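So the structure is just underneath, and the comments pick up after that.
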Amino acid sequence: MSFKVYNSYSRQKEVFESITHGHVGMYVCGPTVSGESHLGHARPYITFDVLYRYLTHLGNKVRYVRNITDAGHFEEEGREAEDKISNKAILEKLEPMELVQKYTNLYHWAMLQFNCVEPSIEPTATGHIVEQITMIEKIISEGYAYEKNGSVYFDVKKYAAHYDYGKLSGRIIDDLLETTRELDGQEEKKDRADFALWKNAAPEHIMRWKSPWGEGFPGWHIECSAMATKYLGPNFDIHGGGMDLQFPHHESEIAQSTICNHTAPVRYWMHNNMITINGKKMGKSYNNVIKLTELFSGNHPLLTQAFHPMTIRFFILQSHYRSTLDFSSEALVASEKAMKRLWEAYENLQKLEVGDTVQGEDAEIETKVLNWLNELPEFMDDDMSTPKVLANMFEIAPIINSIKDGLIKTNALSSSTLQKMKDSFKLFLEDILGLQNVSATDNEAFKGVMQLLIDIRKEAKGKKDFATSDKIRNQLIELGIQLKDEKGGEMSWTVA
RNA sequence: GGUCCUGUAGCCGAGUGGCUAGGCAAAGCUCUGCAAAAGCUUCUACACCAGUUCGAAUCUGGUCGGGACCUCCA
């Protein structure tokens, strides 16, 4: 059994083998901290978080590098150079780095809500200006970049003559040349396909650094190349990001790094698909984003309620990362209910006693359960088929609940199978998919109080004092806590 | 215009040519003082038209939708 991933570069699933056995280098394009993260941003972070968790589970030591883009990029190349971050800072009367800090903090907070594992290294673009300049100098000395009026451009045409430019994004350089839009101020470039490595800063530009070509700031793509090379080496295992970054961002990264390091930088390119809303990509340019803070608070016209971050995570994992995922409040409500049901089954499972039974009495159930469990790693191995993992768990959930309710005999399953269920659920649900209990009541004092109420209600019910019994139940409902009467007079509760 | 992806039941979504995912919603039943929860059952879909095949949601061609990238974008 081996882990297969879809490599965007070869356009097929490949068996994953790291360059150094037992170690994996992984780079994921992080956020541009010039604004708040939205639902679309959540997808790559959750997708690659699961990848990181799975690789770790497989026994790898993973160095996970995820950058913070805090230097800003051009609004549009060739136009009056505007640094997004510094531009907005002026409007808001904030120091650029103050803005950067604000959105970085917000981003970190959101990642925490999603239960995303922190990356091993989280480098910032502004912290690696020296490395970027060094890299640009190297590219110039190799003859694949040229300086003009304080800016430096990458010579795409020359590169394409020797290397396969456009392979990752499936682009043909001649098509690019013909279809690149007419832009102002292109005269600096030798060729329209060329992209900036370094941009000369206009006087009003706040974010600027000294360089061999005068004061300026780095181009769009060089930061990722520089930081990936620094922390993962000239040739590393996985580079991830959203599909919309394939071109020009990742294509350019390949070109820069290849010239600089004399080797293709990445073994496996992995891209997540977009989250759509009414079938259209959620994105800044479409003005249809739903920010994470809006999602968590329910404060948005398209939302019928607030959604817990774990609901979002679950929602994302219910689809395959390379498919588009269409957002709607309705779909999130469905995910919320589904996750709640699955999680309760998981909690019920943990309470089931492992008996001394040697053999399952119901061979049919035993076999089915074992098959479902055995498929879980196979699904993960198949390019992270998280929807299938969850589907199998939903197959098992009714069996757990039936055992708990006595509808299936406790010893229907052998103790080893029951133990395997417990281990597998813990492993896949918590460790690999990174899901967490959404209940905020995981607290001994609170549980004690609940037990007290349950005891009182049991007494009342025993005396057929349904007024008291209903009062407890109804008032708890108003507080968002739901009591459930179970077989044999037992009661349990969940947060609605 | 170029390149590519896609069209699966009310909704969200898996789907490797034959074993007809899963979730939500809906309906019925069981359990129950009532309710909720849980369990069982039902609803069996692949845009359209041809073709290949013993057999196609899955392969091929065409038609019609939808979308992405080519420009900052996860």
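Numbers restart at 1 for each chain; the letters A, B, ... are given by sequence-line order, proteins then strands. Source: prediction; values computed, not measured.
Heavy atoms from other residues, nucleotides or ligands lying under 6.0 Å from NZ of A:Lys4 number 12 at most.
Under the Watson-Crick and G-U wobble criteria, each requiring two contacts below 3.5 Å, nucleotide B:G7 is paired to B:C64. Pairing of B:U20, defined by two Watson-Crick or G-U wobble distances under 3.5 Å, is not identified with any nucleotide. Figure legend. B:C29 is base-paired to B:G39; pairs are counted as Watson-Crick or G-U wobble with both atom distances under 3.5 Å. Base pairing of B:U53: no nucleotide in any strand meets the Watson-Crick or G-U wobble criterion (both distances under 3.5 Å). For B:G1, the paired nucleotide is B:C70, the pair qualifying as Watson-Crick or G-U wobble because both relevant distances are below 3.5 Å. As the counterpart of B:A45, no nucleotide is assigned, since no Watson-Crick or G-U wobble pattern has both distances under 3.5 Å.
A salt bridge does not link A:Lys458 to A:Asp485: none of the charged nitrogens lies less than 4.0 Å from a carboxylate oxygen. With respect to A:Asp383 and A:Lys13, no salt bridge is recorded, no charged nitrogen being found less than 4.0 Å from a carboxylate O.
Contact check, A:Lys281 against B:C69: a side-chain N or O comes under 4.0 Å of OP1 or OP2. The shortest distance between the side-chain N/O atoms of A:Tyr286 and the OP1/OP2 oxygens of B:A68 is below 4.0 Å. The phosphate of B:A14 has OP1 or OP2 within less than 4.0 Å of a side-chain N or O from A:Ser323.
Side chains of A:Glu118 and A:His108: no donor on one and acceptor on the other come within 3.5 Å. Side-chain contact annotation: A:Glu36 with A:Thr293, donor-acceptor N/O pair under 3.5 Å present.
Between A:Arg66 and A:Phe48, every side-chain heavy-atom pair lies at or beyond the 4.5 Å cut-off.
Taking only distance into account, the side chain of A:Asn401 never meets the base of B:C40 through a donor-acceptor pair shorter than 3.5 Å. Checked by distance alone, A:Arg322 brings no side-chain donor or acceptor within 3.5 Å of a matching partner on the base of B:C5. Below the 3.5 angstrom threshold, one finds no donor paired with an acceptor across the side chain of A:Asn273 and the base of B:A74. Checked by distance alone, A:Asn278 brings no side-chain donor or acceptor within 3.5 Å of a matching partner on the base of B:G67.
Comparing A:Lys280 and A:Ser469, the nucleotide of RNA chain B nearest to each residue sits closer to the 5' end for A:Ser469.
Both the sub-6.0 Å distance and the 45° axial angle are not jointly satisfied by A:Arg171 relative to the ring of A:Tyr165.
Ring geometry for A:Phe236 versus A:Tyr27: interplanar angle of 30 to 60°, hence tilted.
A:Asp470 comes within contact range of at least one nucleobase, with a heavy-atom separation under 4.0 Å. Using a 4.0 Å heavy-atom cutoff across all strands shown, A:Asp405 reaches sugar-phosphate atoms only and no base atom. Within the nucleic acid shown, A:Gly40 comes within 4.0 Å of at least one base atom, counting heavy atoms only.
Comparing the P positions of B:G23 and B:C48 gives an interatomic distance of 26 Å, to the nearest angstrom.
Taking atom NZ of A:Lys351 as the reference point, atom P of B:A38 lies 14 Å away to the nearest angstrom.
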Exercise. If a protein heavy atom is under 4.0 Å from the base, mark B; if only from the sugar-phosphate, S; if neither, -; do that for nucleotides 18-24 of chain B going 5' to 3'.
Key: ---BSSS

